[in-house]
4 protein chains.
Amino acid sequence: MSAPVPAETTKGERTRERLRRAATRVFAREGYEATRVADIVREAGVTQPTFYLYFASKEAAYEDRVEAFRQRLQQTTLGNLLDPSIPHAEFTDRVALSFRRFLDLMAEDRELTEIGFFQPPGCTITKARLVHWVADNIAREQADRLFRGDLPAELIARLLVGLLEQFGRMEASDDRRRELARACAELFCHGTRPPPG
Amino acid sequence: MSAPVPAETTKGERTRERLRRAATRVFAREGYEATRVADIVREAGVTQPTFYLYFASKEAAYEDRVEAFRQRLQQTTLGNLLDPSIPHAEFTDRVALSFRRFLDLMAEDRELTEIGFFQPPGCTITKARLVHWVADNIAREQADRLFRGDLPAELIARLLVGLLEQFGRMEASDDRRRELARACAELFCHGTRPPPG
Amino acid sequence: MSAPVPAETTKGERTRERLRRAATRVFAREGYEATRVADIVREAGVTQPTFYLYFASKEAAYEDRVEAFRQRLQQTTLGNLLDPSIPHAEFTDRVALSFRRFLDLMAEDRELTEIGFFQPPGCTITKARLVHWVADNIAREQADRLFRGDLPAELIARLLVGLLEQFGRMEASDDRRRELARACAELFCHGTRPPPG
Amino acid sequence: MSAPVPAETTKGERTRERLRRAATRVFAREGYEATRVADIVREAGVTQPTFYLYFASKEAAYEDRVEAFRQRLQQTTLGNLLDPSIPHAEFTDRVALSFRRFLDLMAEDRELTEIGFFQPPGCTITKARLVHWVADNIAREQADRLFRGDLPAELIARLLVGLLEQFGRMEASDDRRRELARACAELFCHGTRPPPG
DNA sequence: AATGAATGAGACTTCATTCAT
DNA sequence: CATGAATGAAGTCTCATTCAT
């Protein structure tokens with residue numbers, strides 16, 4: 001068990017990484033359109049032509065960043081499929097865990113999340129894909145009677161995505177995120193009405 | 001009984017209105033940053049200097065449009081406060097009506113909705129305000145025991161706004177919107193778990 | 001019989017004309033690729049954006065100039081078709097006149113000729129077209145037994161165009177041009193061999 | 001009888017040759033200005049700094065290629081001086097042979113010909129020199145009464161060069177080139193008029 | 001003998017905005 | 001009330017060339 005060997009770090013790879021980080025930062029701060037390549041290279045400490053050594057265009061750099069986020073998002077989603085054998089009493093906790101994983105992912109690199117999930121032009125596609133991935137999970141979970149079957153899986157998926165839209169941008173400590181995830185799970189599972197009686 | 005007072009229709013007012021409509025269309029289609037004043041005036045059939053006769057800047061025109069949407073949104077929200085005396089059996093229907101009013105508003109002028117609710121840079125503020133307005137309603141309704149009191153009103157408000165984010169952009173007929181509103185109300189009130197038993 | 005009324009001379013038309021002249025000058029001096037829009041606008045006394053008010057691109061401006069030359073060239077060519085009833089004794093004189101018209105045209109605006117006839121990328125097409133137009137004339141004239149019929153019209157046309165390529169760039173006074181045209185006609189009609197005997 | 005002396009083939013010489021060939025190809029295809037050093041090195045399979053190991057600049061590489069063509073052209077021209085004792089009946093054939101040598105030279109390396117003879121900025125000088133060399137021949141041949149003496153040698157030389165300009169770029173088989181050369185000789189010697197009677 | 005990496009200088013083009021009429 | 005004409009400022013991208021190894 002050793003720490004992962006760092007990927008080859010030629011000078012070029014390091015420059016590329018600096019550019020990626022700078023691009024993430026600036027895109028997140030300014031938005032795609034308002035971002036100028038000049039800003040990115042200034043933050044990366046290189047000249048403009050160097051940028052074009054590593055990215056074909058401003059748009060290509062943006063796509064690179066957006067895809068990086070989507071990858072992570074898809075992985076997280078795939079890992080959140082619920083086991084049908086889950087005991088009833090633990091269900092909401094388990095859903096809270098799923099929300100926590102999403103919120104942790106989104107908090108881990110706020111800037112990348114900003115680009116991939118909240119800002120146009122990429123956010124629309126990201127969310128559409130997320131709805132799709134989540135709906136796949138939900139459909140199976142409906143088959144396992146984990147969720148109500150009287151509503152289309154896509155609708156339920158959208159409820160989840162809507163919650164992430166609302167809570168994914170919050171600045172929150174680890175503990176606070178755990179609480180938020182718990183609240184999301186509550187709302188997601190049981191809604192807003194008071195318990196009867 | 002007098003004839004309806006004719007809206008002021010000096011030539012200037014008509015030009016201003018044409019510019020507003022054109023701006024709405026182009027901002028919705030292209031987004032704020034990518035919109036060019038040249039496009040707006042082309043769609044409005046006037047020249048560029050004329051634009052500056054009616055709006056101080058591109059940004060001012062955008063603000064004008066965004067504010068128009070926010071006004072309507074606030075009105076709708078205020079009208080959606082629930083009457084505490086509502087019979088228990090009708091509750092979900094009543095919530096569905098609230099959703100329907102929101103979805104109708106958003107469908108009525110898709111382009112204005114796009115600008116005011118979905119596109120940066122304005123959408124963040126719009127949604128923040130909406131959360132605030134809705135949370136005011138929810139807080140009162142919690143006091144009236146209409147919603148569960150174990151979660152902050154703002155969280156519940158965000159659930160609602162998240163649903164609007166997910167469903168407010170759908171192309172849907174009147175009837176389909178009614179169904180959607182019903183589904184939203186169901187999810188909002190009772191969540192996604194199957195009924196016990 | 002009055003002098004032609006000058007075309008409408010709005011300020012815009014005058015600016016366009018200044019740009020045209022400047023473009024002609026610079027393209028002729030530097031060649032298409034090496035020409036910078038900055039040079040053109042400096043010579044025209046306007047700013048760069050103004051250039052794009054009148055031409056869609058550097059390339060469009062170039063095309064405009066090249067086409068202007070081609071128009072004139074085609075007109076001249078059409079006017080040079082020989083009358084079949086021409087007396088034998090006057091034939092070479094008449095061919096000399098044709099050459100003179102070509103050389104005059106090319107001398108009249110040296111810079112435009114440079115662009116349209118001598119410089120890439122336009123010159124290849126211009127010459128190909130000229131060969132075609134001239135060959136049309138030659139074919140008819142061969143039918144009228146004015147030129148030898150044992151060689152394809154296109155070959156004879158190319159002989160003519162080759163002569164223009166060689167003599168069209170010469171700086172020459174009116175009189176000198178007349179002489180040159182005469183010599184061209186001689187060579188074109190009778191070749192380089194000494195008269196027999 | 002010894003084996004042919006191997007051309008010096010140090011690794012460097014081979015690289016230089018690859019660069020030369022690549023440069024020829026790209027200059028011919030794109031023209032001097034539009035050619036990028038990046039294209040040349042890609043075709044040569046080396047990196048950009050290597051290019052500068054062998055040529056001082058893009059311009060130097062271009063000059064190298066142009067001069068290579070001019071050398072060959074001058075050799076061919078010198079070899080084409082007509083023997084004054086040539087029998088009258090064979091004269092046109094002999095001129096056709098001269099044209100054939102020129103056309104063969106130009107066909108042998110189309111790309112080098114393109115650069116040296118047809119494309120700016122080098123073509124103007126190449127042709128001027130060729131006119132000069134040919135005129136030297138013609139002047140002697142006029143003295144030998146092989147060509148008419150009533151026109152300056154330079155004019156006659158230009159007729160020849162003009163024909164090469166027209167026919168030197170044609171894609172043509174060996175046989176077709178022979179025919180073309182024959183036609184050129186005919187036109188060059190006797191012009192375009194039908195034979196009398 | 002060759003290259004990975006970088007850059008200075010500059011090209012074309014766009015756009016919000018204004019002036020003069 | 002409206003426009004024809006113009007521009008300052010800036011943006012993306014390219015390219016010949018060089019440095020350090």
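Residue numbers start from 1 in every chain, and the chains themselves are labelled A, B, ... in the order their sequence lines are given, proteins ahead of strands.
- Place D/Phe51 and A/Ala56 on DNA chain F by their nearest nucleotides, and A/Ala56 ends up nearer the 5' end.
- Here F/dC15 presents its P atom at 13 Å from CG of A/Leu53, a figure rounded to the nearest Å.
- Taking atom OH of residue A/Tyr62 and atom C1' of nucleotide F/dT12, one finds them 18 Å apart after rounding to whole Å.
- An OP1 or OP2 oxygen of E/dA5 is reached within less than 4.0 angstrom by no side-chain nitrogen or oxygen of A/Lys11.
- The distance between atom OH of D/Tyr52 and atom C1' of F/dT21, rounded to the nearest whole Å, is 20 Å.
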Q. Taking it one step at a time, do A/Phe118 and A/Arg110 satisfy side chain to side chain contact (heavy atoms under 4.5 Å, CB included)?
A. CA-CA 10 Å; A/Phe118 290 107; A/Arg110 307 269 343 235; over 6 Å; no
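- Atom pair C/Arg42:CZ and F/dT7:P shows a separation of 15 Å (rounding to whole Å applied).
- Ion pairing between a basic and an acidic side chain is recognised when a charged N comes within 4.0 Å of a carboxylate O; B/Arg14 and B/Glu17 show no such pairing.
- For the pair D/Gln48 CD and E/dT7 C1', the computed distance is 12 Å after rounding to whole Å.
- Note: CZ (A/Arg16) to P (E/dA6) measures 11 Å, nearest angstrom.
- Atom-to-atom distance recorded for C/Thr24:OG1 and C/Asp109:CG is 6.5 Å, nearest 0.5 angstrom.
- Nucleotides of DNA chain E nearest to A/Gly45 and B/Thr35 differ in position, and the one nearer the 5' end is that of A/Gly45.
- To the nearest angstrom, P of F/dT14 lies 15 Å from CZ of A/Phe55.
- Taking 4.0 angstrom as the limit, B/Thr15 places a side-chain polar atom (N or O) nearer than this to OP1 or OP2 of F/dA2.
- Partner of A/Val66 under the side chain to side chain contact (heavy atoms under 4.5 Å, CB included) criterion, out of A/Leu112, A/Ile125, A/Thr126: A/Thr126 alone.
- Positionally, the nearest nucleotide of DNA chain F for A/Lys58 lies more toward the 5' end than for the other of D/Ala38 and A/Lys58.
- In this structure, B/Tyr62 and B/Tyr32 have tilted ring planes: the angle between them lies in the 30° to 60° band.
- The shortest distance between the side-chain N/O atoms of C/Thr50 and the OP1/OP2 oxygens of F/dA5 is not below 4.0 Å.
- Note on B/Tyr54: a side-chain N or O is less than 4.0 Å away from OP1 or OP2 of F/dA2.
- Electrostatic pairing of D/Glu111 and D/Arg29 does not count as a salt bridge here, judged by no charged N lying under 4.0 Å from a carboxylate O.
- A salt bridge links D/Arg129 and D/Glu67; the closest N-O separation between the charged side-chain nitrogens and carboxylate oxygens is under 4.0 Å.
- Distances shorter than 4.0 Å separate some side-chain N or O of C/Thr10 from OP1 or OP2 on F/dA5.
- Using a 4.0 Å cut-off between a side-chain N of Lys or Arg and a carboxylate O of Asp or Glu, D/Arg21 and D/Glu43 do not qualify as a salt bridge.
- If you find the closest nucleotide of DNA chain E to A/Pro49 and to B/Glu33, the one lying nearer the 5' end belongs to A/Pro49.
- Listed nucleotides: E/dA16, E/dT7, E/dC12. Nearest to the side chain of A/Thr47: E/dT7.
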Q: Represent DNA chain F in dot-bracket notation, 5' to 3'. Only Watson-Crick or G-U wobble pairs with both distances under 3.5 Å count; pseudoknot-style crossings use [ ] and interstrand partners use |.
A: .||||||||||||||||||||
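- Put simply, CG on C/Asp39 is 13 Å from C1' on E/dC12, counting in whole angstrom units.
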